[in-house]
2 protein chains.
Amino acid sequence: MASTDHGGGEEVIRNKQVFLNDYVSGFPEESNLYLTTSSIKLKVPEDQSGKDAVLLKNLYLSCDPFMRGRMQRDLPPDRPELSSYSLGSPIVGFGVGRVVDSRHSDFKKGDLVWGRMPGMTAYFCFFDIGSPKEGDRVYVSAASGAIGQLVGQFAKLIGCYVVGSAGSKEKVELLKTKCFPEGIDIYFENVGGKMLDAVLVNMRLHGRIAVCGMISQYNLEQPESVQNLSAVFYKQIRMEGFAVYEHYDRYSKFLDFVLPCIKEGKIVYVEDITEGLERGPAALVGLFRGRNVGKQVVKVAQE
Amino acid sequence: MASTDHGGGEEVIRNKQVFLNDYVSGFPEESNLYLTTSSIKLKVPEDQSGKDAVLLKNLYLSCDPFMRGRMQRDLPPDRPELSSYSLGSPIVGFGVGRVVDSRHSDFKKGDLVWGRMPGMTAYFCFFDIGSPKEGDRVYVSAASGAIGQLVGQFAKLIGCYVVGSAGSKEKVELLKTKCFPEGIDIYFENVGGKMLDAVLVNMRLHGRIAVCGMISQYNLEQPESVQNLSAVFYKQIRMEGFAVYEHYDRYSKFLDFVLPCIKEGKIVYVEDITEGLERGPAALVGLFRGRNVGKQVVKVAQE
């Protein structure tokens with residue numbers, strides 16, 4: 001996380017950055033992160049070190065659950081985007097920024113650039129693994145989060161019966177008793193643990209479980225146990241994990257679907273916007289306590 | 001289970017049958033079953049009650065894990081082949097028999113008839129869900145059983161690296177440490193519980209778990225818990241349950257593959273043959289203690 005802040009004339013400005021104190025086990029706390037202010041030149045270096053470089057002013061930063069993973073020590077380095085954060089560098093994630101200077105032929109000053117958005121994850125995980133069709137009974141956990149809120153809308157667009165839950169324990173009870181008297185065709189899994197266990201006994205024959213995340217498990221030293229897995233056998237359930245980085249080549253397919261929906265107002269999106277990079281650490285760790293309502297972003301600069 | 005036994009001249013013979021005493025919870029014991037001897041006429045009735053009927057002399061009966069399911073009380077009646085056994089009728093299963101009399105146009109006296117064999121389950125569950133290809137690392141649990149022994153051979157035929165386990169606890173330990181230093185591509189699941197938990201942490205990216213059964217769980221009041229399910233998410237694993245009765249229409253496809261293999265000696269099959277229906281109950285309950293080596297059958301008549 002980093003933000004630029006005009007304050008030292010045209011050339012040199014103050015630049016805020018968020019670092020990790022030390023690697024985390026258990027729930028991450030605000031105290032695991034700290035903010036520093038340094039200064040940078042508002043210009044891509046003219047020597048070899050700046051070849052093909054782009055300098056951005058960050059406008060929005062995204063707080064995502066996968067960032068918890070990167071706070072762990074000794075992750076394998078084979079997938080750099082999922083490896084352990086370096087303690088000596090600012091933590092990184094996705095966001096939206098404005099090009100301030102560029103020596104790259106694809107970008108010029110004033111361009112807006114952005115990293116991947118959770119919509120693509122929601123789209124491909126739901127449609128590829130869930131194989132939804134009209135009338136299917138769909139249950140979405142963490143349904144007010146960045147991904148869940150979209151899955152619910154996608155499911156409604158194609159005529160599914162949809163129930164979402166947000167929060168946790170009392171919702172498991174609700175699920176067991178009320179919402180799906182005839183069972184669940186598709187479970188869009190964001191939560192894991194006890195929630196998954198409760199869902200398994202409520203799945204229908206040939207149900208699909210699209211595993212997009214298991215946020216309830218990321219901070220536990222000992223994962224919660226699941227006892228009802230034999231349902232996978234008895235009901236011929238298909239359960240499959242999903243990682244969006246394997247589907248970047250289909251980005252345009254996602255846009256073809258989602259952009260008209262947004263323009264026509266068929267898809268809306270709830271964001272939980274925190275103002276100022278100083279509040280970024282609280283926003284990030286709040287994800288794992290379920291403090292956000294909607295997609296958590298940090299607005300780091302006004303335009 | 002029933003056998004005919006010539007002993008009363010040409011028309012009326014003694015007929016042995018196995019009944020269930022009462023519905024079972026926990027491990028089935030030999031004492032849950034009892035044998036009776038009655039007498040029957042060796043002729044299909046000539047009135048309306050015998051229309052399209054076939055009378056068989058059973059030669060071999062098959063002991064299968066699904067029969068444990070049917071010993072349970074109050075199973076839903078919607079799938080008759082998986083519903084609760086009736087306490088007033090002999091327990092039923094698959095087998096091989098000889099037609100003794102027939103009023104059905106498709107069968108005549110002397111024909112051999114048989115129920116489905118576990119080979120078809122092994123074949124479609126492995127190929128459909130496992131999607132095996134040359135070089136895949138395949139792990140088969142209950143590998144000396146009726147299905148596991150075939151899966152291992154199928155996998156070898158297409159050039160997979162195969163490890164099978166039979167027994168239980170010590171094999172889980174072995175699996176963890178030795179056989180798959182680079183992880184497992186396909187797990188053919190017959191066992192469930194702790195075995196599955198150990199396998200999950202050893203699966204490779206995009207691994208497939210073909211869930212053909214979970215025999216370690218069928219007799220437990222409280223199923224064993226699984227803690228490593230987040231591997232499904234982290235490694236984008238696909239896990240899917242299988243039921244052979246949904247694939248009967250592809251029986252000829254299975255035969256096209258397996259018959260030449262058997263003729264050429266590329267597939268061999270180990271049977272654990274118990275002699276006499278009197279020993280049938282012991283053979284059947286022995287399945288759930290892992291007493292059989294190979295496919296458990298009961299030979300009920302000599303020809």
Side-chain angles (χ1 to χ4, degrees), chain A residues 65-66 69 72 75-76 78-79 82 121 124-125 128-129 189-197 199-201 203 205-247, chain B residues 65-66 69 72 75-76 78-79 82 121 124-125 128-129 189-197 199-201 203 205-247:
Chain A
F66 81 88
Q72 229 152 300
L75 294 175
D78 51 331
R79 288 192 256 165
L82 296 175
T121 305
F124 286 116
C125 184
D128 283 6
I129 301 179
E189 165 69 304
N190 285 312
V191 167
K194 289 189 200 320
M195 175 65 87
L196 176 58
D197 219 16
V199 166
L200 279 165
V201 294
M203 291 298 290
L205 198 68
H206 291 134
R208 284 84 70 196
I209 301 180
V211 184
C212 185
M214 292 188 172
I215 199 168
S216 73
Q217 304 301 296
Y218 302 160
N219 303 306
L220 305 180
E221 302 281 344
Q222 183 74 11
E224 282 178 352
S225 65
V226 172
Q227 297 200 297
N228 299 316
L229 260 186
S230 59
V232 170
F233 167 58
Y234 287 123
K235 300 181 197 170
Q236 295 104 61
I237 292 167
R238 184 153 61 91
M239 182 172 179
E240 189 168 347
F242 180 87
V244 70
Y245 65 81
E246 295 178 340
H247 303 270
Chain B
F66 81 88
Q72 229 153 299
L75 294 175
D78 51 330
R79 287 193 257 164
L82 296 176
T121 305
F124 287 115
C125 185
D128 284 6
I129 302 179
E189 165 69 304
N190 285 314
V191 166
K194 290 192 200 318
M195 176 66 87
L196 175 57
D197 218 16
V199 166
L200 279 166
V201 294
M203 290 298 289
L205 198 67
H206 292 133
R208 285 84 71 197
I209 301 180
V211 183
C212 185
M214 292 188 173
I215 199 168
S216 73
Q217 305 300 295
Y218 302 160
N219 303 306
L220 305 180
E221 302 281 343
Q222 183 75 11
E224 282 178 350
S225 65
V226 172
Q227 298 201 296
N228 298 317
L229 260 186
S230 59
V232 170
F233 166 57
Y234 287 123
K235 301 181 197 171
Q236 295 104 62
I237 291 168
R238 183 153 63 90
M239 182 171 178
E240 189 167 347
F242 180 87
V244 72
Y245 65 82
E246 295 178 340
H247 303 270

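Model, not experiment: these values are computed from the prediction. Every chain is numbered from 1 and lettered A, B, ... according to where its sequence line falls, protein lines coming before strand lines.
Rounded to the nearest 0.5 Å, atoms OG (Ser230(B)) and CD (Glu224(A)) are 11.5 Å apart. Distance check: Leu205(B) CG to Asp78(A) CG gives 9.0 Å after rounding to the nearest 0.5 Å. Residue Gln217(B) holds its CD atom at 10.5 Å from CG of Asn228(A), rounded to the nearest 0.5 Å. Atoms CG and CG, on Leu200(B) and Leu229(A) in that order, are 8.0 Å from each other to the nearest 0.5 Å. Glu240(B) contributes atom CD, which lies 7.5 Å from atom NE2 of His206(A) (distance to the nearest 0.5 angstrom). Going from atom CZ of Arg238(A) over to atom CE of Met239(B) covers 13.5 Å, rounded to the nearest 0.5 Å.
Residue Glu189(B) does not touch chain A at all, counting heavy-atom pairs closer than 4.5 Å. Proximity to chain A is absent for every atom of Leu82(B), based on heavy atoms less than 4.5 angstrom apart. In this structure, chain B has no heavy atom under 4.5 Å from any part of Ile129(A). Interface remark: Ile237(A) contributes backbone atoms only to the contact with chain B (heavy atom separation under 4.5 Å). There is no contact between Leu220(B) and chain A, counting heavy-atom distances below 4.5 Å.
For the set Ala243(A), Gly193(A), Gly69(A), the count of heavy-atom pairs under 4.5 angstrom toward chain B peaks at Ala243(A). Note: Ser225(B) leads Gly192(B), Cys212(B), Ser225(B) in heavy-atom pairs under 4.5 Å with chain A. Listed options Gly241(B), Ala231(B), Pro223(B) were ranked by heavy-atom pairs under 4.5 angstrom with chain A; first place goes to Gly241(B).
Taking the six-membered ring where tryptophan is involved, the planes of Tyr234(A) and Tyr218(B) are tilted, since the angle between them lies from 30° to 60°.
Checked against Val232(A) for a side chain to side chain contact (heavy atoms under 4.5 Å, CB included), the options Val211(B), Leu196(B), Ile209(B) give a single hit: Val211(B).
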